[in-house]
Amino acid sequence: MNRSGLVLATLLLSPLAMLAQPDLHFDKNIAVTRQGNDLDLAWAGGLNYPQISRIDLDLDGLKDMVFFDRTDNRLITLLNTPGGGTGTYTITRDFDEVWPFRELHDWALFRDYDCDGKEDIFTYSQAGFSVYRNTSEGNTLSFELLKFRVNCEYVFTDGSSQIVNLFISSEDLPGLADVDGDGDLDVLTFAQLGSYVQYYKNQSMEEYGTCDSLDFVMRNACWGRFAESAATNAITLNAACPFQIPNPEMGTEPTHEGTLEGTQDARAHTGSTVTPIDLNGDGVMDLLLGDISYANLVALYNGGTVDDSHMTSFEADFPTDDVPIDLPVFPVGFHLDVDDDGDHDLLVCPNSRSLAQNYKGVWYFQNTGSDSAPNFEFQQEDLFQSRMIEVGQGAYPVAFDHNRDGLMDLVVANDGYFDPSGDYIGKLMLLANVGTPTEPAFEVVTDDYMNLSTSGIGTSMYPAFADLDGDGDQDMYIGDLEGRMHSYTNIATGSVAEFQLTQPNVAYGSGTVIDLGRQITPHFVDFDEDGLMDLVVGEQNGNLNYLHNDGTAASPSWTIVTDSLGFARTTTEFGSGFSVPVFFSSEDGTRQFLVASETGTLWHYSSPDWNPTSAWTLEDESYLDLREGTRTGLAAHDFTGDGIADFVIGNFRGGLSFWRSDAPSGVREEAYDATLFTYPNPSTGRVEIDLGTEVPPGSRITVRNTLGQLILERAVTSTHIILELGGHADGIYSIRCEGPGIRSRPVRVMLSGGSR
């Protein structure tokens, strides 16, 4: 693809503006304020359901923050700067491409298993977990795959044993900690079937005298002598263990007290979080337990010893002496020193994937005591989130000059804010541009623009703006979850827009109500250049609908031409599509467009004749390799005044990122230190790769599908590599060279006939 000849157009004026193709750079420094407060993490991209760890990313001696968000398997990083406290963290995108960050899925925790002071990665992999060892040196962060699916010696009730994968489900979050105090990392996790926590002891210190191995053996089938109900999150202490292993590390068999409904029945364990933590400073490990169906954390207090764990009491609504955790659903605790005062604090987040708190979901309890005598005091329910643009689930920015001052503002749609009732609340946020034509700055005016949350439209509202009545100002259509559109007329007498609903459920010229599927994203564009604004509408299924305007400048009338515009479709075998179109054209007049998608990438199409019923050319499924998360939205406008469009990209985590077309001081340009050439392209399966130069030892060739999922990895042993991709599905694959200190630009290869 020739990148030099593309130009981007906004959709707010009838002529397509001619702009050069952007060479984009992430800019974290575009100012955003809310109620007079600076949002210094505004463009971090939002958080919904994060799993939180600390690791020294830039190897400067300070532990930084990493958030693995289960919403879209995305890793968000914040860099720690000197000064201490929670306010010293800043946005960084320098580590987005560190391998294997983009391959992590379901859950990921950073723990130092080999006691070298560098956190390693523990992450889910096929009914168990993988471990990536931190191999960083100098100032370069790097990892190597140490073990795919860690094994253990599983002990049966008769004392026999078998080497199997150490099972942890994709929904649970295990406890990874030094349970027995010998210096190596053990595992606590719920049994696959049942209500008991199993203890897998790491034999590294016993076998080798060091902590640098992962040699697990099951040492207790009912660690702590308690059970969680299979029907609720109720706890039974001193629970009998009918399937205990011989000679467990627990002392004598307890006397059963009470009855536990459903004890060790055939029902599968549905989801729990395990946080090992010494809550009272007595040197033995207590637990915080979260359950998939409940909003509270249960604290269990260990009245036993290191070698004889015995939970003797519990606190159902922890912490009862402060603000009890109430975080629907599936809460999990993270015990880490977030404020750098030397004592471990407590952060609590939902471990869900949906239908949970999505904008006030990082509860911060500061440890005002010490690790030997902890005292957790509640500080806030939206740590870090309060400093971001955060609109709950989904963020879809649309450019609109709401006050006609010549500075383009942003209206941000969403899928909804979480509400304890269980129903999401749909709103639009208005970000007013209060900067200059070359230096944008935004102010959050309201998170409920035009009070549309009370309109009855519901969730997943998506706005589009155009002058539909010929009076010189911009009117508004709202697309909704059910596939309908609602017309609002701008009745403002001054410069600030004021909208009035004039036609709910907009109809075609024939009188039939327009219904275009689900979760539609309307955009106005003069498609056939007849002076009237037409509609191109994306939807959940990933296709594009083209509605022609047969009316007049003062009164539109709609006719559907096709529901498969250009036969463009962002659907893959992994999802629905969720298409969001933005149009642009080349300097030679060839019209093209981008479509934001469920995969999180921008799909780039072109067409020589702009025929709505002919097949357009898919140029790229990952335009500029921008990947901000799943279900992206895109607003394209020249905010920085250089004649080239900037991008504001939203994602399913409810946040935004700003990508500017000019390169201000301090904005990092990505360096590419390797070059590769592939042939043939397209290919039926066999792909040959030539590297333009020698690469460092440990480099590898990676092949990813359009979702960024790793499908093949090959060590680089020479400058000429042959890959066999036969058997993989037809489509476009991204091939690149990655290694210590180097990374090539991706090369897209079309595989056609590879699966036949």
Side-chain angles (χ1 to χ4, degrees), residues 25-48 65 76 78-79 81 83 85-93 358-362 364 379-392 394-414 417 427-453 463 494-497 628 633 635 637-641 646-651 653-660 662 664-667:
H25 311 264
F26 175 72
D27 190 352
K28 67 180 181 181
N29 297 315
I30 302 295
V32 180
T33 59
R34 178 170 51 208
Q35 297 179 343
N37 298 315
D38 292 332
L39 301 186
D40 60 314
L41 303 180
W43 308 104
L47 297 170
N48 276 359
M65 299 291 296
I76 301 95
L78 298 181
L79 208 61
T81 59
T86 61
T88 61
Y89 296 94
T90 65
I91 302 171
T92 179
R93 301 298 297 270
N358 53 30
Y359 67 103
K360 291 184 177 180
V362 183
Y364 170 35
Q379 303 298 313
Q380 64 184 99
E381 59 187 356
D382 54 359
L383 183 66
F384 301 117
Q385 292 174 303
S386 64
R387 296 154 58 190
M388 300 177 182
I389 297 171
E390 173 62 80
V391 296
Y396 311 101
V398 177
F400 170 54
D401 185 2
H402 90 106
N403 54 6
R404 303 175 69 179
D405 64 354
L407 300 177
M408 195 61 70
D409 312 300
L410 289 168
V411 175
V412 186
N414 72 353
Y417 291 89
K427 298 180 183 180
L428 302 181
M429 175 180 283
L430 174 61
L431 292 167
N433 189 344
V434 295
T436 70
T438 58
E439 288 296 332
F442 296 93
E443 178 185 3
V444 180
V445 177
T446 177
D447 68 355
D448 193 7
Y449 186 53
M450 295 294 159
N451 295 312
L452 287 171
S453 66
S495 59
V496 179
E628 296 301 283
H637 177 74
D638 181 17
F639 290 101
T640 55
D646 309 291
F647 282 9
V648 178
I649 303 176
N651 63 72
R653 300 187 311 278
L656 301 178
S657 59
F658 193 101
W659 294 80
R660 63 188 297 154
D662 58 339
S665 175
V667 178

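Note that this is a predicted model, so its numbers are computed, not measured.
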Relative to the ring of Y417, is the ring of Y359 parallel (under 30°), tilted (30 to 60°) or perpendicular (over 60°)?
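Plane angle over 60°, so perpendicular.
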What distance separates [X] [atom1] from [Y] [atom2], expressed to the nearest 0.5 Å?
| X | Y | atom1 | atom2 | answer |
| --- | --- | --- | --- | --- |
| K28 | S657 | NZ | OG | 14.0 Å |
| Y89 | T81 | OH | OG1 | 9.0 Å |
| K360 | L47 | NZ | CG | 15.0 Å |
| E628 | N651 | CD | CG | 7.0 Å |
| R660 | T640 | CZ | OG1 | 5.5 Å |
| I389 | L656 | CD1 | CG | 4.5 Å |

Smallest separation among heavy atoms of [X] and [Y], with atom names:
| X | Y | result |
| --- | --- | --- |
| F658 | V648 | CD1-CG2, 3.7 Å |
| V445 | A432 | CG2-CB, 3.5 Å |
| M450 | A497 | CE-O, 3.2 Å |
| A635 | P397 | CB-O, 3.6 Å |
| D646 | D638 | OD2-C, 3.5 Å |
| R387 | T86 | NH1-O, 2.9 Å |

In the structure I gave you, are the side-chain heavy atoms of [X] and [Y] within less than 4.5 Å of one another anywhere?
| X | Y | answer |
| --- | --- | --- |
| W43 | F26 | yes |
| Y449 | V412 | no |
| V496 | H402 | yes |
| D447 | V391 | no |
| E390 | D382 | no |

[X] side chain vs [Y] backbone, donor-acceptor pair below 3.5 Å:
| X | Y | answer |
| --- | --- | --- |
| T33 | E443 | no |
| N414 | G654 | no |
| Q385 | G361 | yes |

Given the side-chain rings of F639 and H637, with only the six-membered ring counted for Trp, is the space between their centroids under 6.0 Å?
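Yes, ring centres under 6.0 Å apart.
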Is it true that Q35 and N37 share a donor-acceptor pair across their side chains at a distance under 3.5 Å?
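No, because no side-chain N or O of N37 sits under 3.5 Å from a partner of the opposite role on Q35.
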Excluding sequence neighbours, so at least two apart, what forms salt bridge (charged side-chain N to carboxylate O under 4.0 Å, His left out) with R34?
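Applying salt bridge (charged side-chain N to carboxylate O under 4.0 Å, His left out) to R34 gives none.
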For D401, which of D409, L407, N433 qualifies under side chain to side chain contact (heavy atoms under 4.5 Å, CB included)?
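Passing option: D409.
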Run T90 and D40 through side-chain contact (heavy atoms from CB on, under 4.5 Å) and show every step you take.
CA-CA 7 Å; T90 65; D40 60 314; 5.6 Å; no
